[in-house]
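Structure, as C-alpha cells:
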Amino acid sequence: MVILKSKSLLLLLSLCLCVQSVPISVDKNKEKPKEEELEAPQSADTGLHYDRYLREVIEYLEKDPHFKEKLKNADMEDIKQGKLAKELDFVHHNFRTKLDELKREEMNRLRMLLKAKHDIQEGNGRTVDHQVLLKQFEHLNHVNPHTFEVEDLDRLIKSATNDLENFDKGQHEEFKRYELMKEHERRERLKTMSEEDRVKEEQHYEELKKKHADHPKVNHPGSQDQLKEVWKESDGLDPQDFDPKTFFKMHDTNGDGFFDESELEALFTKELEKVYDPKNEEDDMVEMEEERLRMREHVMNEVDTDKDRLVSMNEFIAATNKDEFLEKDEWQTLDQNSPYTEEELKEYEQHLANEANDISQKSVDLQKQREELERKQEELNAQKMGLQQAVEEIERLKAQTVQQPDAPVAETVAQVVPGNNQPLPPGHQQQGVPMPGHS
C-alpha cells in the first residue's frame, strides 16, 4: 500500500512528466543549514524497490530552505512543465555532498542485488534477462556513479511518478494471480477425492459462497449514505447534522489539509466489516484488502480532480455537491465481480502445466547428465586401479630382479604394462635377451 503524507513530496512525485526547467537565481551562501538538519530523515514507505533512496533524496532536498520554498510554492502545472530539477544547482553544498553519498550507497546496493539475482538465475539454469536487470537502474544515472546531478533528480521524479501510477495495477495483478492459484488448487484437490467426498466438498464450497454473499447492503464508497454511516457509527454524531467540512477536519488525522490514501481507506472500514470477518471460514482477508483498494480507487477517480493522489478539502466539498454523492445503489463487491474469466483460468492452468513439464524435462536431463558423469567416473576409477596394479607388479618384478639377476625381467614387465597385451609368438626372441639353454 502506498502511503504518502507530505503534500510537497506528492507534488514532487506526482505527474512530473517533464523536468527540463530554467533555474531561478538564488544566492546559496546566504543561509547555511544547521548540522542537526543532516540527520537521517524518516518517512512512510512508498512500496517501491528504491523506496529508501527516494525518501532520503526528497527529504534532504526539502531540508534545503531555498528548494523547500520553490517546492512549497509550486503547483501541479509548474511541475508538469518542469521547474524543479535544475533547482538542484542551487541546493547548499552540505546537502549536495550528502546526496552524492546517497547515490553511491544506492549504486552499491543495486550492484550487490543484481549480482545476487544473476547468480541465483544462473544457478537455477534460467536465462538471465539483462534488460530486466538494467531496469533496476532507471531511477538514477548509472553512467556517473559518483555524484548526484540534475539528471539524477530528473530520472528519480520520472521513475517514481510512473511506478506510483502503476503500483495499484501491480497490486491488482498480484491479487488476480492469488485468486487463480486458489481456484486451481481447489480443483486439483477435488481430482484426488472419491466421488462421494467430491460431492460433499462442492456442496460445502457453495454453502460458503452463499454465506459470504449474505451480508448487509454495502454503501457506495464516497456517497452521502456511506459518509453519514461513518459520521454516525464511528463519530457518534446525528446523521441529520452531517456537515462535509466538519467531517473532513475530523478525519484528516494528521491535520495537513488533505486526505491521503491511508486516511481515505480508513473511511471504508465500516463497509468492509459488513462483508469480511477474520473469524469466518468463508471470508478471505486478502480479498478484503483488494476490496479496500477498489473502493479507494473509485473515490480517487471521482474526487481527486488534479490527480495528485491527495484529496484536498476543496475537492472533497466539491464532490459532495455532485449528483454522484447521492448514489443509492449498492456497491458491487468482489463476489459479484470475479477478477478472472474461465478462459483466463484455463490459460493459467496451461501455463502451470507447461512450467511443470519444463521442470520435469530439466529433471530428466539432469538425471541423464548425472548418470553419464557417474559412468565416466567409474571408467576413471577402473583405469586408476589398473595403473595402480601395473605399478605394483613392476615394483614386485624389480624386487625379484635384485634377488635373481638372470630372470627375464624386460619380457615380464612388458606383459604387465597396460596397452601391451599381445603375447609373444612361440620361439620369438627379442634382441639382446638370451634364451635359456643357449650360449
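Everything numeric in this text was worked out from a predicted model, so none of it was measured. Below, all heavy atoms of this structure are taken into account, side chains as well, without hydrogens, waters or symmetry copies.
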Note: Val91 and Arg96 closest approach over all heavy atoms is O-CG, 3.6 Å
**Near-ring test His139/Tyr50, centroid separation under 6.0 angstrom** = yes
Salt bridge or not for Glu290 and Arg294, using N-O below 4.0 Å?
no
* Using the six-membered ring wherever Trp is involved, compare the ring planes of His215 and His212 and label them parallel, tilted or perpendicular (cut-offs 30° and 60°). => perpendicular
From the list Glu291, Glu271, His298, His220, side-chain hydrogen bond (donor to acceptor under 3.5 Å, both in side chains) with Trp331 holds only for Glu291
Requested in this report: Could you tell me whether the side chain of Asp64 reaches within less than 4.5 Å of the side chain of Tyr60, counting heavy atoms only?
Outcome: no
Between Met285 and Leu272, is any pair of side-chain heavy atoms under 4.5 Å apart? no
Determine yes or no for a side-chain-to-main-chain donor-acceptor pair under 3.5 angstrom, with Asn321 supplying the side chain and Ile317 the backbone.
yes
So do Ser234 and Lys270 actually touch side chain to side chain, heavy atoms under 4.5 Å? yes
inquiry  = Checking side-chain polar atoms at under 3.5 Å, does His146 have a donor or acceptor matched by the opposite partner on Asp100?
reply    = no
| said: Keeping Gln361 on the side-chain end and Asp358 on the backbone end, is there a donor-acceptor pair under 3.5 Å? | reply: no
Q. Any chance the side chains of Glu263 and Thr253 put a donor and an acceptor closer than 3.5 Å?
A. yes
Just by distance, do the side chain of Thr97 and the backbone of His93 share a donor-acceptor pair under 3.5 Å?
yes
Worksheet item: Is the backbone N or O of Leu180 less than 3.5 Å from a side-chain atom of Glu344, with the two atoms forming a donor-acceptor pair by type?
Response: no
Heavy-atom closest pair (Glu151 atom, Asn141 atom, distance to 0.1 Å) is OE1-ND2, 3.3 Å
- Task: Using atom types as modelled and distance alone, determine if a side-chain donor or acceptor of Glu174 lies under 3.5 Å from a backbone N or O of Gly170.
- Result: no
Partner of Asn219 under side-chain hydrogen bond (donor to acceptor under 3.5 Å, both in side chains), picked from Lys228, Gln224, Glu229, is Glu229
Report task. Give a yes or no on whether the backbone of Asp283 and the side-chain of Asn280 come within a donor-acceptor separation of less than 3.5 Å. Result -> no
Check: Does Trp231 use its side chain to pair, donor to acceptor, with the backbone of Gly236 at less than 3.5 Å?
Finding: no
TODO: Establish, from distance only, whether the side-chain atoms of Glu347 and His351 form a donor-acceptor pair under 3.5 Å.
DONE: no
Taking C-beta and beyond as the side chain, do Glu281 and His204 meet within less than 4.5 Å on heavy atoms?
yes
Check Glu105 with Arg52, please: is the shortest side-chain N to carboxylate O separation under 4.0 Å?
no
Tell me whether Arg309 is salt-bridged to Asp304, with the criterion being a basic N under 4.0 Å from an acidic carboxylate O. no
May I ask you to decide whether Arg186 forms a salt bridge with Glu202, counting only side-chain N to carboxylate O separations under 4.0 Å?
yes
Are the side chains of Val303 and Leu264 in contact, using a 4.5 Å heavy-atom criterion?
no
- request: Kindly assign one of parallel, tilted or perpendicular to the pair His251 and Phe247, based on the angle between their ring planes and the thresholds 30° and 60°.
  value: tilted
**Request:** Could you tell me whether the side chains of Asn354 and Gln350 share a donor-acceptor contact shorter than 3.5 Å?
**Result:** yes
- 4.5 Å side-chain heavy-atom contact, Asp152 and Val150: no
- Task: Indicate yes or no: does Glu179 engage Lys176 in a salt bridge with an N to O separation below 4.0 Å.
- Result: no
Hey, does Glu101 have a side-chain heavy atom less than 4.5 Å from the side chain of Phe148? no
| said: Check this for me: Arg187, atom CZ, are more than 12 non-hydrogen atoms of other residues, nucleotides or ligands nearer than 6.0 Å? | reply: yes
Evaluate whether atom NZ of Lys182 has more than 12 neighbouring non-hydrogen atoms of other residues, nucleotides or ligands under 6.0 angstrom away.
yes
* Could you check if a side-chain atom of Val299 sits within less than 4.5 angstrom of a side-chain atom of Phe259, using non-hydrogen atoms only? => no
Using only heavy-atom distances, determine whether the side chains of Ser262 and Glu265 contain a donor-acceptor pair under 3.5 Å.
no
*Asp252 side-chain N/O to Asp256 backbone N/O, donor-acceptor pair under 3.5 Å*: yes
Under 3.5 Å side-chain donor-acceptor pair for Ser223 and Asp225: no
Would Phe95 and Leu61 count as a side-chain contact (heavy atoms from CB on, under 4.5 Å) here? Give the steps. CA-CA 7 Å; Phe95 294 120; Leu61 287 172; over 6 Å; no
### Message
Is it the case that the side chain of Gln332 and the backbone of Asn337 share a donor-acceptor pair, with hydrogens and angles ignored and the cut-off at 3.5 Å?
### Response
no
| query | Do you see a donor-acceptor pair shorter than 3.5 Å between the side chains of Gln369 and Asp365? | reply | no
Item to complete: Run the salt-bridge test on Glu196 and Lys200 with the 4.0 Å N-O cut-off and return the result as yes or no.
Response: yes
Do Glu330 and Lys217 meet the salt-bridge criterion of a basic N to acidic O distance under 4.0 Å? no
Between Pro339 and Phe175, the two heavy atoms sitting closest are CG-CE2, 3.9 Å
With a 4.0 Å cut-off on N to O distance, would you call Glu195 and Arg198 a salt bridge?
yes
Please determine, by modelled atom types, if Thr341 and Glu343 share a side-chain donor-acceptor pair under 3.5 angstrom. no
| query | Do the side chain of Asn381 and the main chain of Gln377 share a donor and acceptor less than 3.5 angstrom apart? | reply | yes
Exercise for the section: Flag this pair as yes if the NZ/CZ of Arg109 is under 6.0 angstrom from the six-membered ring centre of Tyr53 and inside a 45 degree cone about the axis; otherwise no. Expected result: no
If you apply the rule side-chain contact (heavy atoms from CB on, under 4.5 Å), what do you find for Lys103 with Asn144, and how did you get there?
CA-CA 10 Å; Lys103 181 178 179 180; Asn144 169 23; 4.2 Å; yes
Charged N to carboxylate O below 4.0 Å: is that the case for Glu342 and Lys346? no
